Amino acid sequence: MDRKGILIVVSGFSGSGKGTIMKKLLEEHDNYALSISATTRQPREGEMDGREYFFKTREDFEKMIAQDGLIEYAEYVNNYYGTPKAYVEQKLLEGKDVILEIEIQGALKVKEKFPQTLLLFITPPDMETLRKRLIGRGTETLEVVESRMRRAAEEAEGIEEYDYLVVNDTLDECTEEVHRIIQSEHSRTARNAQFIERIRKELKENRKGE
Ligand code: 5GP
């Protein structure tokens with residue numbers, strides 16, 4: 001049976017742990033491809049161009065927009081973030097489940113363009129844990145932590161737009177939950193039109209032979 005790749009959007013507050021979950025998901029299962037976004041924000045310590053992000057100047061980013069090279073883009077806390085188109089298209093053709101780890105404005109644009117996209121929202125169990133994770137990361141100034149908490153409050157207003165809510169209490173369980181949701185999604189009748197068509201045809205042929 002042909003297995004078609006699913007386009008999956010994963011969002012969550014900055015500090016929800018979604019990046020770590022995605023990394024683990026990719027290490028443990030081989031049918032996933034993670035899209036690498038372009039951004040104008042500065043690399044954090046330890047980040048590498050082409051691994052976490054493609055780091056761009058505003059000018060280069062605007063060129064990508066003008067050349068229609070992005071599936072979606074959004075401004076988030078004064079920087080551009082966007083999803084390059086070519087990689088996603090290629091991996092879906094290869095039958096991979098392609099994950100976009102993007103914020104909510106981008107998520108909604110992707111859903112509008114591709115209605116079959118599966119939308120997952122990841123959240124820590126409570127907002128005190130979120131603040132502690134953001135501070136503990138040590139990569140952001142207190143001012144940025146506060147602006148990310150404010151942004152979280154805005155993003156929380158859109159959670160119902162997502163198909164599933166996954167609470168990141170323990171990393172292992174959350175990763176498995178995400179994997180299970182995606183696997184079940186493959187069984188939806190709407191995603192198996194070709195298979196259904198084929199068995200119907202086979203049944204018709206069987207009746208002819210009766
Ligand atoms: P960070 O600066 O913490 O890496 O990312 C900030 C936010 O931008 C996160 O919510 C992240 O998911 C989101 N983001 C990363 N890449 C993209 C993208 O390509 N498009 C959109 N719309 N958001 C993105």
Side-chain angles (χ1 to χ4, degrees), residues 7-23 25-26 32-58 60-65 67-89 91-92 98-114 117-124 127 130-159 161-162 165-166 168 174 178:
L7 187 57
I8 303 143
V9 164
V10 175
S11 301
F13 311 126
S14 176
S16 62
K18 59 188 186 303
T20 316
I21 293 160
M22 291 309 108
K23 207 170 149 239
L25 192 69
L26 263 85
Y32 296 115
L34 185 66
S35 158
I36 301 171
S37 298
T39 184
T40 57
R41 91 149 155 71
Q42 291 299 308
R44 293 189 188 120
E45 207 174 304
E47 285 184 336
M48 239 172 69
D49 187 40
R51 191 178 63 193
E52 281 79 15
Y53 282 104
F54 295 107
F55 295 100
K56 304 276 177 197
T57 60
R58 275 189 100 79
D60 282 349
F61 197 101
E62 279 162 4
K63 235 180 246 166
M64 292 177 78
I65 300 172
Q67 290 165 353
D68 197 26
L70 300 170
I71 291 183
E72 60 72 39
Y73 69 93
E75 282 214 68
Y76 179 93
V77 194
N78 304 325
N79 280 300
Y80 276 133
Y81 293 80
T83 308
K85 208 187 254 181
Y87 177 86
V88 173
E89 287 178 350
K91 292 293 162 186
L92 282 174
V98 181
I99 301 175
L100 314 183
E101 194 197 310
I102 64 179
E103 52 66 73
I104 188 164
Q105 303 165 67
L108 299 183
K109 281 184 216 158
V110 173
K111 181 89 184 177
E112 209 179 291
K113 261 193 189 166
F114 308 102
T117 306
L118 174 65
L119 266 62
L120 312 182
F121 196 91
I122 296 183
T123 171
M127 293 308 109
L130 182 70
R131 183 189 295 278
K132 280 190 187 141
R133 282 189 194 158
L134 280 172
I135 295 170
R137 192 148 79 177
T139 51
E140 253 84 51
T141 62
L142 226 52
E143 197 189 324
V144 174
V145 169
E146 284 317 316
S147 65
R148 284 179 182 236
M149 287 301 288
R150 274 197 300 277
R151 181 59 184 241
E154 282 167 33
E155 289 187 333
E157 292 304 310
I159 296 179
E161 303 287 342
Y162 287 74
L165 177 72
V166 189
N168 180 16
C174 185
V178 168

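Start at 1 and go down the list; that is how both ligands and their atoms are numbered. If you're wondering where the values come from, they're calculated on a predicted model, not measured in any experiment.
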Item checked: T83 side chain near Y73 side chain, heavy-atom distance below 4.5 Å -> no

Item checked: Partner residues of Y162 under the ring-ring contact (aromatic ring centres under 6.0 Å, His included) criterion, sequence neighbours left out -> F121

For ligand 1, list every N/O pair with the protein closer than 3.5 Å, one pair per line with the distance.
{"residue": "ligand 1", "atom": "2 (O)", "partner": "R41", "partner atom": "NE", "Å": "2.6"}
{"residue": "ligand 1", "atom": "2 (O)", "partner": "R44", "partner atom": "NH2", "Å": "3.4"}
{"residue": "ligand 1", "atom": "2 (O)", "partner": "Y81", "partner atom": "OH", "Å": "2.6"}
{"residue": "ligand 1", "atom": "2 (O)", "partner": "R148", "partner atom": "NH2", "Å": "3.3"}
{"residue": "ligand 1", "atom": "3 (O)", "partner": "R44", "partner atom": "NH2", "Å": "2.9"}
{"residue": "ligand 1", "atom": "3 (O)", "partner": "R148", "partner atom": "NH1", "Å": "2.8"}
{"residue": "ligand 1", "atom": "4 (O)", "partner": "R41", "partner atom": "NH2", "Å": "2.9"}
{"residue": "ligand 1", "atom": "4 (O)", "partner": "Y53", "partner atom": "OH", "Å": "2.5"}
{"residue": "ligand 1", "atom": "5 (O)", "partner": "Y53", "partner atom": "OH", "Å": "3.3"}
{"residue": "ligand 1", "atom": "12 (O)", "partner": "E101", "partner atom": "O", "Å": "3.2"}
{"residue": "ligand 1", "atom": "16 (N)", "partner": "S37", "partner atom": "OG", "Å": "3.0"}
{"residue": "ligand 1", "atom": "19 (O)", "partner": "S37", "partner atom": "OG", "Å": "2.7"}
{"residue": "ligand 1", "atom": "19 (O)", "partner": "E72", "partner atom": "OE2", "Å": "3.4"}
{"residue": "ligand 1", "atom": "19 (O)", "partner": "G82", "partner atom": "N", "Å": "3.2"}
{"residue": "ligand 1", "atom": "19 (O)", "partner": "G82", "partner atom": "O", "Å": "3.0"}
{"residue": "ligand 1", "atom": "19 (O)", "partner": "T83", "partner atom": "N", "Å": "3.3"}
{"residue": "ligand 1", "atom": "19 (O)", "partner": "T83", "partner atom": "OG1", "Å": "3.3"}
{"residue": "ligand 1", "atom": "20 (N)", "partner": "E72", "partner atom": "OE1", "Å": "3.4"}
{"residue": "ligand 1", "atom": "20 (N)", "partner": "E72", "partner atom": "OE2", "Å": "2.7"}
{"residue": "ligand 1", "atom": "22 (N)", "partner": "E72", "partner atom": "OE1", "Å": "2.9"}
{"residue": "ligand 1", "atom": "22 (N)", "partner": "E103", "partner atom": "OE2", "Å": "2.6"}
{"residue": "ligand 1", "atom": "23 (N)", "partner": "E103", "partner atom": "N", "Å": "3.1"}

Check: Sub-3.5 Å donor-acceptor pair from the side chain of K18 to the main-chain atoms of G12, do we have one?
Finding: yes

Checklist line | Sidechain N-carboxylate O distance under 4.0 Å for E143, R148 | finding: no

Checklist line | E155 and R151 ion-paired at < 4.0 Å | finding: yes

Next item on the list: Please check if any side-chain donor atom of E75 sits under 3.5 Å from a side-chain acceptor atom of Y81, or the reverse.
Entry: no

